[in-house]
Amino acid sequence: MYGFMLIAAFALGCAAMVLGARRAGLKGCTAPVLALLCAVLSPLCARVYLHVTKYASRGLSGFVLLSGRPYEYAMCGALLGVVLAGVFCARLTRQRAGQVLDALAPTGLIALAVARFGEIFSDFGWGQTILEPVWQRLPFAVQDMYGQWHLAVFMLEGIAALALAVCAWRMRGETAGDVFLTALLWLSMTQIFCESLRAETIRWGFVRVQQVQCAVFGLIVLVTWALRRRGGWAIPLAVYLTGVGVVALMEYALDKLPMPQALDYAVMAAALCAMGLAAMRAGGFGAAGEAKA
């Protein structure tokens, strides 16, 4: 059933891309070319990313191109594949990469949301065991084959992706690429939080690899906007890097310090909001996170 949900996610994303391409005034060939590239590059990059980060010591030994197990793909790798697909599509169709990526942002987020919700049919996307009966129900928790209830992290990820898709669809950027960069920024911030909740994730010791990757994505967005404006980036950068330090400290506290988990996650969420707003400020966006008209 999970496989059918992935197919549904891809089909819905393709349909939305057709509408998005028309709405953005892109060439008619954009949607089919982009769909083909995403179908190839997204799973490929997701597999390569996981193998390189989780099994780096093996080299390419044991690498298999496709796997039927959802936990053998990495979301950040899939995201990189989608970005590459957008860039290659722009080159092949001779259009601006920023315009193609802007049209891709909401449609990709819709597909991601459906794929996340589909994890209810897998044994992936769970968090810690839930013992309180009041929370032992959807959308808060999901039951495993042994009857234990686990935090349904995938539901939170799906809701976040769907909310970002709506925002990206409604947003109008000042410059080509702004919609995509804004979507990438806030997807990264929300994923850092959700990655902390996941029981299964790629780790280097206590470091969660995809949290670091998402922090790098956010930093790239901030630097891109700062270079475009050529000024006013020092304070946003300082706030962003301070936020990274706070998130790292909260991750350490979750494992090593006797702080209430609720407080740890509240501080982490506040730091991530500050990081996202700092990046938006570096791009010249208003406090409400809206692009200039």
Side-chain angles (χ1 to χ4, degrees), residues 24 49 75-77 79-80 82-84 86-87 90-91 95-106 108-109 112 160-161 163-196 207-252 265-293:
Y49 187 98
M75 193 279 287
C76 285
L79 178 57
L80 288 170
V82 170
V83 173
L84 286 175
V87 173
R91 293 292 296 269
Q95 300 177 99
R96 295 178 64 186
Q99 291 178 316
V100 174
L101 290 171
D102 280 350
L104 175 60
L109 286 165
L112 176 60
L164 290 172
V166 173
C167 293
W169 186 264
R170 297 182 60 186
M171 182 181 173
R172 294 291 184 274
E174 184 181 62
T175 305
D178 276 348
V179 174
F180 166 74
L181 290 174
T182 304
L184 177 61
L185 171 66
W186 289 107
L187 177 62
S188 298
M189 297 302 102
T190 56
Q191 191 59 40
I192 288 173
F193 185 85
C194 293
E195 199 70 27
S196 179
V207 177
R208 295 172 183 256
V209 174
Q210 294 190 95
Q211 278 189 320
V212 176
Q213 181 69 74
C214 287
V216 172
F217 284 150
L219 182 60
I220 290 172
V221 173
L222 187 154
V223 171
T224 300
W225 278 334
L227 290 176
R228 188 178 70 191
R229 293 187 70 207
R230 299 182 181 179
W233 54 267
I235 293 177
L237 180 61
V239 171
Y240 189 91
L241 295 178
T242 300
V244 171
V246 172
V247 172
L249 179 60
M250 290 303 100
E251 281 293 333
Y252 178 81
Y265 283 119
V267 173
M268 184 185 297
L272 290 167
C273 288
M275 290 163 61
L277 291 174
M280 297 290 286
R281 182 63 68 182
F285 289 76
E290 297 181 352
K292 295 179 181 178

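Atom CG of residue L219 and atom CG of residue L241 lie 6.5 Å apart, to the nearest 0.5 angstrom. Note that the CG atom of L184 and the CG atom of L79 stand 6.0 Å from one another [nearest 0.5 Å]. Taking SG from C167 and CG from L109, the interatomic distance works out to 9.5 Å, rounded to the nearest 0.5 Å.
Nearest heavy-atom pair across C76 and F217 is SG-CE1, 4.2 Å.
Ring pair Y265/F193 is perpendicular by interplanar angle, where above 60° counts as perpendicular and below 30° as parallel.
Between the side chain of E195 and the backbone N or O of R208 there is no donor-acceptor pair closer than 3.5 Å. Under a 3.5 Å cut-off, the side chain of Q95 and the backbone N or O of A90 do not form any donor-acceptor pair.
Side-chain contact check for S196 versus I192: every heavy-atom pair is 4.5 Å or farther apart. L104 places none of its side-chain heavy atoms less than 4.5 Å from the side chain of F180. In this structure, D178 and R228 have side chains that are in contact, with non-hydrogen atoms separated by less than 4.5 Å. Residues M75 and Y49 fail the side-chain proximity criterion, which asks for heavy atoms closer than 4.5 Å. Proximity of M189 to M275: side-chain heavy atoms (C-beta onward) are separated by under 4.5 Å at one or more points.
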